[in-house]
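Scroll down for the structure; my scribbles are underneath it.
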Amino acid sequence: LQIPDAEGTGFGGTYLRLRFEGASAGVTLIPERPGRALHSWFLGNDPTQWCTGLREHGALRWHGLYAGIDRVLHEDGGLVKYDLEVAAGADLSQVRIRCEGAERIEIDPQGFLAIVGARGCFSQAPAVSFQRSIDGTLSPIEVRYPRIDERTFGFTSDARDPQAAL
């Protein structure tokens with residue numbers, strides 16, 4: 001992710017990487033929501049290095065990112081977003097996201113997360129979460145971003161039933 005400069009004229013070399021600390025090295029990437037379009041890449045003159053007929057997908061799942069927790073990256077209204085799917089019994093506090101390239105993170109009273117870099121600020125809206133009851137009903141619950149250190153945040157919820165999936 002590149003953060004634009006204050007004048008909005010360029011990116012100025014500021015990069016931001018969200019690193020999921022303590023995540024499993026054995027994560028499985030699973031493409032989801034297959035689309036109709038096919039894409040091909042022809043790099044160089046060696047046909048063995050070409051990729052053809054690759055189907056686009058609307059989402060990519062990191063299965064087993066943490067014990068009982070998957071990350072799903074997807075597009076929503078022209079924005080790239082991620083969801084965390086938390087199985088019943090999984091510990092939400094396992095998730096720790098380090099903002100590499102940031103000077104600091106801030107969390108305002110309304111729950112917005114600000115990732116502040118040398119050339120600008122990236123804002124993440126308050127977490128939106130739903131708890132799934134045994135009968136499958138979804139109910140909204142409050143989930144917050146706790147600040148772990150200068151550049152790391154996580155997720156917490158006092159309202160969560162640990163035996164229910166999020």
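- A continuous path of Ile, Leu, Val, Met, Phe, Trp and Tyr side chains, each step under 4.5 Å between heavy atoms, connects L84 with V80, placing both in one hydrophobic cluster.
- A distance of 7.0 Å separates CG of D91 from CD1 of I69, quoted to the nearest 0.5 Å.
- Interatomic distance, L73 CG to L29 CG, rounded to the nearest 0.5 Å: 10.5 Å.
- When atom types are taken as modelled, the side chain of S24 and the backbone of L65 share no donor-acceptor pair closer than 3.5 angstrom.
- Considering all non-hydrogen atoms of both residues, S157 and E142 come closest at OG-O, 2.6 Å.
- Using modelled atom types, one side-chain atom of R96 and one backbone atom of Q94 make a donor-acceptor pair closer than 3.5 Å.
- Side-chain contact between I97 and Y82: present, with at least one pair of heavy atoms (C-beta onward) separated by less than 4.5 Å.
- Other residues, nucleotides and ligands contribute more than 12 heavy atoms inside 6.0 Å of the NE2 atom of H74.
- V86 is not listed as a side-chain neighbour of V95, based on a closest heavy-atom distance of 4.5 Å or more.
- A heavy-atom distance below 4.5 Å is found between the side chains of F112 and P126.
- Among all heavy-atom pairs drawn from V27 and G64, the shortest one is CG2-C, 4.2 Å.
- A distance-only check finds a donor-acceptor pair linking the side chain of W50 to the backbone of G44 [under 3.5 Å].
- Taking the six-membered ring where the residue is Trp, Y66 and F20 present tilted rings, their angle falling between 30° and 60°.
- Proximity of D158 to R144: side-chain heavy atoms (C-beta onward) are separated by under 4.5 Å at one or more points.
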Practice task
Go through D70 and I30 one step at a time and tell me if the side chain to side chain contact (heavy atoms under 4.5 Å, CB included) criterion holds.
Solution key: CA-CA 10 Å; D70 290 356; I30 303 169; over 6 Å; no

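- Rounding to the nearest 0.5 Å gives a distance of 7.5 Å between CD1 of I148 and CD1 of I105.
- Counting only distance, with no hydrogens or angles, the side chain of E106 and the backbone of V116 share no donor-acceptor pair below 3.5 Å.
- Atom-to-atom distance recorded for L43:CG and C51:SG is 7.5 Å, nearest 0.5 angstrom.
- Closest approach of I141 to A159, counting heavy atoms only: CB-CB, 4.3 Å.
- Between S123 and L113 there is no side-chain heavy-atom pair separated by less than 4.5 Å.
- Side-chain contact check for Y145 versus F155: some heavy-atom pair is nearer than 4.5 Å.
- Side-chain atoms of Q131 come within 3.5 Å of backbone N or O of D161 as a donor-acceptor pair.
- Within a 6.0 Å sphere centred on CG of L79, heavy atoms belonging to other residues, nucleotides or ligands number more than 12.
- The shortest non-hydrogen separation linking C121 to A114 is SG-CB, 3.7 Å.
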Exercise for the section: List the steps, then state whether side chain to side chain contact (heavy atoms under 4.5 Å, CB included) holds for R151 with E100. Expected result: CA-CA 7 Å; R151 294 178 186 89; E100 295 178 353; over 6 Å; no

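- Scanning both residues, R36 and E56, for their nearest heavy atoms gives N-OE2, 4.2 Å.
- In this structure, CG on D149 lies 14.0 Å from CZ on R104, to the nearest 0.5 angstrom.
- Taking all atoms of both residues into account, the shortest heavy-atom contact from I107 to P146 is CD1-C, 4.0 Å.
- Within 6.0 Å of atom CZ in R98, more than 12 heavy atoms from other residues, nucleotides or ligands are found, so the atom counts as buried in its surroundings.
- With a 6.0 Å radius and a threshold of 12 heavy atoms from other residues, nucleotides or ligands, N45 has its CG atom at or below the threshold.
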Handout entry: Steps toward side chain to side chain contact (heavy atoms under 4.5 Å, CB included) verdict (C99, T152)
Key = CA-CA 6 Å; C99 303; T152 308; over 6 Å; no

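- The CZ atom of R61 sits 12.0 Å away from atom CZ of R71, with the distance rounded to the nearest 0.5 Å.
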